[in-house]
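Structure, as structure tokens:
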Amino acid sequence: MSSLRHVLFRRTTPGTQQSTEQPALTRSMGTFQLSMLGIGATVGTGIFIVFSQAVPVAGPAVIWSFVIAAVVAGLTALCYAEMASAIPASGSSYSYAYATLGEFPALAVGACLLLEYGVSGAAVAVGWSEYLNQALENLFGVRIPEALSSAPEAGGVVNLPAIALVAMCTLLLVRGVRESAKANAAMVMIKLAVLVMFIVVGVTGWNQDHFSNFAPMGIAGITGAAGIIFFSYIGLDAVSTAGNEAKNPSRTMPLAIIITLGVVTALYIAVAVVAIGAQETQAFEGQEAGLAAILQTVTNASWPGTVLALAAIVSIFSVTLVVLYGQTRIFFAMSTDGLVPPVFSRVNARTRTPIAGTFITGSAVAVLAGLLPISFLAEMTSIGTLVAFIVVALAVIIRRAQNPNQPAPFKVPLYPVVPILSIIGCLWIIKDLRPVTLIAFIAWLLLATAFYFTYSIRHSRLRQAPAKEPLPVP
Ligand SMILES: NC(=[NH2+])NCCC[C@H](N)C(=O)O
């Protein structure tokens with residue numbers, strides 16, 4: 001029994017395992033590209049659609065909901081920043097769990113990340129076809145037939161646009177990380193520009209009266225809406241999947257996480273203030289293209305609808321790209337540790353990308369996006385993400401306890417308040433998830449456990465080269 005425990009919790013320093021004979025990933029991303037990666041993953045469809053759900057719950061005080069959600073996400077972001085600086089590997093929270101908790105918990109976190117990245121990438125790609133159709137209709141008056149633009153569960157045959165989007169991202173990722181990062185940065189600039197445009201144009205419709213009945217649903221309304229809004233802040237952690245491809249990662253990764261947090265928070269809160277100022281509260285409920293409708297009212301023109309639909313297309317493209325990137329790098333990390341097959345860490349000498357692993361990941365995500373009942377899986381991405389967040393906050397505490405003298409270039413302020421509040425914040429959002437989601441999540445973890453005992457335990461790198469002592473964690 002104690003030997004099984006020894007196996008399950010065996011651990012080592014990640015990032016040390018890249019073999020020297022094989023081609024490795026290259027370090028080409030600096031602070032700017034890494035920040036673009038973080039913003040690319042975070043600013044998605046959430047900010048474009050969240051008001052119709054959140055404003056009816058909180059009223060104009062939704063502004064405070066945005067602040068609260070930012071604080072919860074920010075606490076987590078700080079924990080990620082510390083771990084990214086201490087353990088600059090590519091596997092995000094998987095790698096942090098591997099170094100602090102051991103192999104089996106790390107595999108379970110890997111399963112959570114598969115929900116946060118792979119599955120949520122598919123869910124995001126599904127949303128893309130709707131925006132594509134909206135833009136096609138606005139611009140040319142045509143739509144892709146229902147049968148070819150929605151999955152069987154939604155009354156179609158196959159969701160071709162979703163598959164095409166995943167295919168484009170896959171091809172881009174295969175070409176090289178520098179090319180992908182450049183394309184992503186361009187798309188991020190476009191989506192940021194459109195949100196800034198919303199703020200500048202929207203503020204001209206300012207009406208102080210919209211703030212009069214400020215918090216009709218009180219504190220409960222404000223916190224309830226914060227839970228809904230939290231989704232919009234997910235993605236700050238994507239920076240931590242780039243450890244092996246960042247220049248000077250211990251410094252640039254925490255910096256990029258904090259820059260992402262700052263930019264996204266400032267932008268979201270400004271968008272919220274302007275949206276409330278420009279439109280009376282009652283109008284938000286049930287409003288489909290919320291931000292577009294606000295600008296159309298303010299300008300009395302129809303162009304904002306088209307611009308925002310195009311922005312959503314670009315925005316989702318970059319989310320899908322970054323999320324798919326993250327998934328391939330998480331698999332890369334797991335593969336170098338021997339927990340998933342070696343094909344995921346085979347790097348092509350010319351492109352310096354894990355080509356085969358990227359194609360396998362892309363194909364699986366494409367199938368999910370094109371055919372499967374994604375709405376159900378999408379609910380599970382939230383819990384997978386939140387559990388991964390909790391593990392990172394725990395990892396901060398455990399790492400400091402295990403290696404009190406080991407410096408991390410970035411340390412969370414107010415330790416241990418920040419990681420503890422981060423855990424409480426995540427639990428507080430989990431508590432509102434539906435019970436069925438929790439049950440499905442546990443089933444998913446059991447599946448991962450079965451995989452561990454049939455594959456990982458026998459192929460683990462730590463089995464092949466058993467360490468007498470667990471190596472010290474940096
Ligand atoms: N890693 C992820 N799960 N990214 C998707 C995050 C969604 C993004 N925050 C949005 O507002 O649309």
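For the single chain, residues carry numbers from 1 onward in sequence order. These figures come from a predicted structure and were not determined experimentally. In each ligand, atom 1 is the first atom listed, and ligand 1 is the first ligand listed.
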Between the side chain of Tyr268 and the main-chain N/O of Ser232, is any donor-acceptor distance below 3.5 Å?
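Indeed, once roles are kept as given, a pair shorter than 3.5 Å links the two residues.
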Can any side-chain N or O of Arg346 pair as donor or acceptor with the backbone N or O of Pro354 at less than 3.5 Å?
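Side chain of Arg346 to backbone of Pro354, a donor-acceptor pair under 3.5 Å: no, none is there.
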Side chains of Thr353 and Thr351: donor-acceptor distance under 3.5 Å anywhere?
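Thr351 and Thr353 do have a side-chain donor-acceptor pair below 3.5 Å.
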Should Arg352 and Glu245 count as an ion pair when the cut-off is N to O under 4.0 Å?
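Not counted as a salt bridge, because no side-chain N and carboxylate O are separated by less than 4.0 Å.
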Looking at Glu137 and Arg143, is there a salt bridge between them, counting it only when a charged N and a carboxylate O are closer than 4.0 Å?
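Salt bridge: yes.
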Would you please test Met334 and Tyr94 for side-chain contact (heavy atoms from CB on, under 4.5 Å) and show each step?
CA-CA 8 Å; Met334 296 176 79; Tyr94 158 77; 3.6 Å; yes
One pair per line, please: each N/O atom of ligand 1 matched with every protein N/O atom under 3.5 Å away, atom names first, then the distance to 0.1 Å.
from, atom 1, to, atom 2, distance (Å)
ligand 1, 3 (N), Glu116, O, 2.9
ligand 1, 3 (N), Ser120, OG, 2.9
ligand 1, 9 (N), Thr42, O, 2.8
ligand 1, 9 (N), Phe231, O, 3.0
ligand 1, 9 (N), Ser232, O, 3.2
ligand 1, 9 (N), Ile234, O, 2.8
ligand 1, 11 (O), Thr42, O, 3.4
ligand 1, 11 (O), Gly46, N, 3.0
ligand 1, 12 (O), Thr45, N, 2.9
ligand 1, 12 (O), Gly46, N, 3.1

